[in-house]
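Encoded as structure tokens, the structure appears first; notes follow it.
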Amino acid sequence: MSAVIRTTGLSAGYGGSAVLHKLDLEVGAGEVVSLLGPNGAGKTTTLLAISGILPPLAGKVEVLGEPVSASEPHVNARRGLAHVPEDRALFFSLTVRENIRLGQRSGGPSFEQLMEYFPALANRVSQRSGLLSGGEQQMLALARALAGGPRALMIDEMSLGLAPVIVENLLPVVRRIAREQAVGVLLVEQHVHLALGISDRGYVLRQGELIAEGTAAELQESRQLLEAGYLGELAV
Amino acid sequence: MSTTAGVSPDPSRAADHEALLAVRDLTVSYGGLTAVKRVSLDIAPGSVVGMIGPNGAGKTTFIDALMGYTPAQGRIEFLGQRIDQLSVHRRAMLGLTRTFQSLELFEDLTVRENLQVSAEDPKWWTIFLDVIIPNRDVRAPRVDELLDAVGLKNYEDMLPAHLSHGDRQAVSIARAMVSDARLLLLDEPGAGLDRNEKEGLSQLLREVAADGTTIFLIDHDMDLVMPTCDHIFVLEFGELIASGPPDRIRSDPRVIEAYLGTSGDNTEVAAAERAAGEPGGEDR
Amino acid sequence: MGDYLVFALAGMGTGAVYASLGLGVVLGYKGSGIINFAQGAMAMYVAFAFDQLRRTGELILPVIGLPTRIGLGGPAPFPVAFFLALLLAALLGLMVYFFVFRPLRYAPTLAKVVASIGFMIALQAMVVLRFGTANRSFAPVLAAEPIEMLGVQVPRDRLTLGLLTVLMAVALWAFFRFTRFGTATRAAAENEKGAVLLGFSPDVLAAVNWMLATVIAGLAGMLLGGITALDPVTYTLAIVPALGAALVGRFNSFGATAAAGLLIGMGQSVITRLQLDVDWLPTGLRDGLPFLVIIVALVVAGRSLPMRGELSQERLPFANRPKDIPLYAVAGLGVAVVALYITEGGLRLALITSMIGAILCLSLVVLTGFLGQISLAQMTFAGAAGFALSAFSMQMGLPLVVAAPLSAVVAGVLGLLVGIPALRVRGVNLAVVTLGAAVAVEAFIFRNPDYTGGFEGARIPSPTFAGFNLGIGGQGGGDFPRVAFGLFVLTILTLAALAVVNLRKSATGRRMLAVRANERAAAAARINVTWIKLLTFGLASFIAGLGGALLAFRQGQISFESFGVFVSLSLLAAAVLGGISSVSGAIVGGGIVSGGIAFVALDRWLGVGQYQLLISGLALIFTAILSPQGISGAVRDGLDPAAENPNPRKRLAGLGSGERILS
């Protein structure tokens with residue numbers, strides 16, 4: 001299995017100071033990988049650096065075997081890297097259909113196929129996306145990212161502002177997409193157990209350092225470790 | 001659903017009539033989204049009160065509403081006076097101030113000037129004196145004191161942009177403190193600080209509270225909140241889901257769930273949730 | 001009644017031009033987030049180039065360094081000229097985007113406005129150099145014979161123009177609605193990050209939209225040229241009604257923009273007719289109409305520009321805390337006094353002009369440098385003081401010590417009035433309001449002979465104080481300009497400069513900078529943001545009023561021409577070039593105002609006088625891109641290499657820290 005995303009010794013941050021230190025990470029095709037850790041751990045920074053939106057301070061990022069250029073982040077997207085950012089970056093003034101159209105590229109799934117993954121969107125295609133509910137907006141962001149037929153998909157805090165029940169419904173769709181479209185998925189998520197439930201592997205960051213990595217099962221087992229990361233040592 | 005009752009079966013409830021800040025049914029909605037739903041709580045003077053909750057729970061929106069940055073429904077009383085119709089600077093003049101998650105420092109002013117702006121309270125006619133005798137800094141001792149307290153004395157003439165994140169955070173906190181407000185609303189003051197810095201911050205907040213300034217602290221970092229606060233509120237999806245002293249919050253299953261998602265073992269949590277929920281029927 | 005209909009329909013001609021310029025402005029804003037104040041100037045250049053092609057078959061290029069003209073060997077037939085002109089327009093749009101505005105994509109609003117104004121000044125100056133200032137009337141493009149409509153005779157070309165405008169708006173609407181490119185442009189305007197993450201290059205989107213905008217502008221220019229004879233200033237200032245139309249369309253709707261543009265043109269035409277019947281209507285109403293539209297759209301209807309979801313923003317230049325003031329003050333004063341005594345005639349006059357210019361620049365330092373607000377109407381405030389001074393001293397007979405400060409107070413009050421919109425709008429919106437205000441005040445008041453004596457102008461008595469003659473002299477021979485007047489100006493400049501230095505060091509100055517830096521945080525620090533803004537507008541206008549009063553004394557007789565829009569713009573150019581955020585910058589700015597020592601010196605030694613506007617326009621663009629702190633800031637950095645650049649250029653940084661999701 002070849003890696004669709006690979007970082008080697010990646011350090012990144014803002015204004016010259018690193019938030020993320022020397023991260024080695026890999027996502028294979030068709031694999032779902034969780035990137036976990038408390039706020040401020042550097043998860044979002046990692047995704048931005050992989051996208052090329054944030055120039056790395058050190059280290060290397062490869063997407064689909066080619067090095068990422070931070071000066072032209074849009075080239076990455078054309079090459080087959082989709083990124084659903086934390087704020088979803090939807091175009092609120094455009095309709096659902098227009099949002100998806102903008103994501104479409106030749107070789108990507110058809111509109112109907114996308115609607116099949118997210119049936120809730122199907123009867124809102126002509127609505128402006130700003131009027132959708134939070135869960136629908138997240139579905140649209142996912143559908144739009146998938147529309148280009150990406151080989152690698154990064155999803156940042158999919159559950160932000162969503163009720164757990166919606167998250168529980170959406171995550172299996174992500175799993176299905178990874179399998180059916182052979183996409184490598186890198187998932188940043190705060191609902192740790194939900195995320196690991198659909199992941200193959202996971203990485204845990206704390207304050208920019210990698211503190212654990214392993215298969216989802218291994219990480220599920222070490223619940224202590226995770227809770228330590230989130231609630232502090234005193235917690236458990 | 002009333003969350004009022006659920007908030008405080010604890011001492012601050014009894015002290016209702018002397019609450020520094022009393023919030024009743026505060027609701028903030030924009031677009032179709034309700035970011036804060038009918039939150040009611042009291043904050044007793046001289047205490048350190050925390051509010052925790054996952055990302056996107058509405059904590060910052062809550063502070064925005066308290067300060068008047070965002071329109072809100074409900075009632076806010078500060079020092080026994082209704083303030084929910086006042087503009088931001090009027091509320092600030094009454095002794096309410098805040099820090100920002102994104103710090104929002106005055107990037108065009110030096111560190112010292114950032115504090116001076118906050119410390120001074122000039123009158124409208126000051127301008128006429130200012131163009132003739134500019135350097136009348138009566139609050140200088142207080143500014144010096146705080147610069148010392150947060151360890152920024154050596155950086156006072158630098159621009160915030162040249163400081164490390166921890167130092168910028170310190171400027172933000174010092175700027176809020178120097179105004180001698182009665183109630184400080186701190187929005188994620190621990191973000192980006194390392195463990196030592198957080199311990200320092202925790203200690204500083206305790207000292208400030210001991211001097212009589214009340215502190216309302218938003219953070220999701222338990223390392224900071226747990227040892228610092230007397231009382232903690234937990235917000236999830238805009239609603240208060242728990243409230244109490246740190247020990248109780250730490251073992252509250254709903255809190256654990258809010259942070260970790262549905263546990264691997266659903267039944268266990270559900271049982272624990274019921275167990276915790278039953279006795280204090282008004283606790284939820 | 002039929003008369004009014006004829007006038008209304010005839011107004012469709014100019015209306016169509018306002019509408020197309022407005023459409024171009026909207027396109028440019030959607031595509032790149034920049035308001036192109038030079039839209040009218042671009043239209044003019046394309047139109048003149050088109051005309052020249054048809055007359056002599058010469059293609060006139062607007063770039064220094066390239067050959068001025070390329071001959072095609074004989075007048076070009078209409079289709080050739082038309083096509084070449086449009087091609088030229090597209091190239092111009094492309095070049096301007098890549099060389100001027102692309103480097104400024106993440107710059108603060110001030111830099112964008114300044115570069116846009118710089119480009120407008122430079123292009124207008126270039127056209128004057130290449131084509132002259134005279135009116136041009138073209139061979140008509142559209143058939144003009146009248147046709148009967150609704151019972152009246154209307155020139156056919158006006159109707160054709162109106163129809164073309166509507167078609168253009170519909171075509172643009174459809175293009176943005178139904179094509180992938182159009183949708184992507186709308187998307188990127190709302191959320192640039194989203195567009196980048198989907199693989200769209202913001203550069204390509206912006207460049208194509210700029211080309212489209214210039215082509216539309218050129219089209220408008222060529223068509224208008226066929227209807228009425230036009231001079232460069234009229235063309236360039238057609239941007240004001242176009243901005244009004246674009247604001248009505250919220251910089252978004254092509255339909256509303258086109259309709260508003262057409263209606264403004266028709267309204268102006270009707271007003272012209274109305275004034276024959278209703279003699280008490282103010283004379284400036286026609287030219288003031290666009291300003292009324294701007295105010296109503298922006299302030300009353302709250303139609304400010306939609307915010308763009310840009311990736312990041314740089315900050316305004318840093319306002320240094322002044323140091324070693326007594327040293328600089330004494331040294332500067334010494335140099336100035338000696339210079340006044342050793343110079344004579346033209347050079348001394350230039351020196352005095354520079355000092356007055358420095359005072360005027362100081363007003364911009366307070367308003368823009370300290371508060372971060374943009375004003376394109378600073379000479380309007382100065383003019384208000386000048387004319388008030390004439391009225392106070394000539395008509396009311398008040399003595400100098402009362403009349404001069406009082407006239408500056410008049411300017412301050414006018415500034416407060418203009419500052420009221422600033423409570424609702426900021427940034428580029430405010431630039432639009434002040435530009436409109438400058439045009440309107442000029443039309444309503446300065447050009448009204450009842451108030452200001454028309455072309456003859458208003459007379460100002462020679463200043464005296466406690467028996468001393470402080471006048472500039474010259475009447476009935478004698479020394480001109482007198483040193484005493486120079487010392488008088490120098491005294492006022494010194495006092496004003498020290499006051500501004502003190503302001504920067506004081507509590508009030510800190511509050512201004514705090515508001516400039518962050519209005520949200522300022523309010524939390526007990527600052528009444530409204531009050532600080534009004535105060536600053538009043539103070540800055542008062543200082544501008546001082547400059548205006550001195551300018552009046554210097555000239556002895558003033559007319560509206562000294563205080564027109566372009567004078568305001570070139571003052572802004574000098575202030576930004578000198579350094580917008582410091583007193584030393586204002587002093588340097590004074591040196592380079594038009595008629596100041598730098599220009600007189602350059603003209604004497606290098607003979608570049610006729611290039612003055614072109615040079616300041618280009619210099620303004622370079623300043624905006626390369627050295628936001630102006631000349632004085634660059635010198636300061638040069639003298640003190642250890643000082644870190646306090647305004648580091650950040651690219652894309654600060655994006656997606658994800659901190660403001662719900663706030």
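Note on naming: letters A, B, ... go to the chains in the order of the sequence lines (proteins, then strands), and numbering restarts at 1 for each one. No experiment lies behind these values; they were computed from the predicted model shown.
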Next item on the list: State, to 0.1 Å, how close C:R510 and B:L109 come at their nearest heavy-atom pair, and which atoms those are.
Entry: O-CD1, 3.7 Å

Item checked: Contact class of B:I63 relative to chain C, heavy atoms under 4.5 angstrom -> neither

Margin query: In the structure I gave you, are the side-chain heavy atoms of B:I127 and C:R511 within less than 4.5 Å of one another anywhere?
Written below: no

Next item on the list: Using the side chain to side chain contact (heavy atoms under 4.5 Å, CB included) rule, take B:R98 and C:R520 through it: C-alpha gap first, then chi angles, then the decisive distance, then the call.
Entry: CA-CA 11 Å; B:R98 70 172 291 180; C:R520 277 162 60 84; 4.3 Å; yes

Item checked: C:N528 backbone acceptor or donor facing B:R90 side chain under 3.5 Å -> no

Next item on the list: Measure distances from C:L495 to the heavy atoms of chain B and classify the residue's part below 4.5 Å as side chain, backbone, both or neither.
Entry: neither

Next item on the list: Using the side chain to side chain contact (heavy atoms under 4.5 Å, CB included) rule, take C:R526 and B:D121 through it: C-alpha gap first, then chi angles, then the decisive distance, then the call.
Entry: CA-CA 7 Å; C:R526 296 183 293 189; B:D121 195 6; 4.1 Å; yes

Notebook entry, point to check: Looking at C:A521 and B:Y69, what are the two nearest heavy atoms and their distance?
Noted result: N-OH, 4.3 Å

Note to self: Counting only non-hydrogen atoms closer than 4.5 Å, does C:L539 touch chain B with its backbone (N, CA, C, O), its side chain (CB onward), both, or neither?
What the structure shows: side chain

Check: Picking from B:E188, B:E120, B:M93, which has the most non-hydrogen pairs under 4.5 angstrom with chain C?
Finding: B:E120

Check: Considering residues, nucleotides and ligands other than B:R182, do more than 12 of their heavy atoms fall under 6.0 Å from its CZ?
Finding: no

Notebook entry, point to check: What closest approach, in Å, do B:A92 and C:A524 show between heavy atoms, and which atom pair accounts for it?
Noted result: CB-O, 3.5 Å

Item checked: Region of B:A181 in contact with chain C, defined by heavy-atom distances below 4.5 Å -> neither

Next item on the list: First locate atom CG of C:L498, then atom CD1 of B:I132, and finally report the distance between them rounded to the nearest 0.5 Å.
Entry: 11.5 Å

Note to self: Other residues, nucleotides and ligands only: do more than 12 of their heavy atoms fall within 6.0 Å of OH on B:Y155?
What the structure shows: no

Next item on the list: Determine yes or no for a side-chain-to-main-chain donor-acceptor pair under 3.5 angstrom, with B:D130 supplying the side chain and C:S506 the backbone.
Entry: no

Next item on the list: Name the option with the most non-hydrogen atom pairs under 4.5 Å to chain B; the candidates are C:I527, C:V501, C:L503, C:I532.
Entry: C:I527

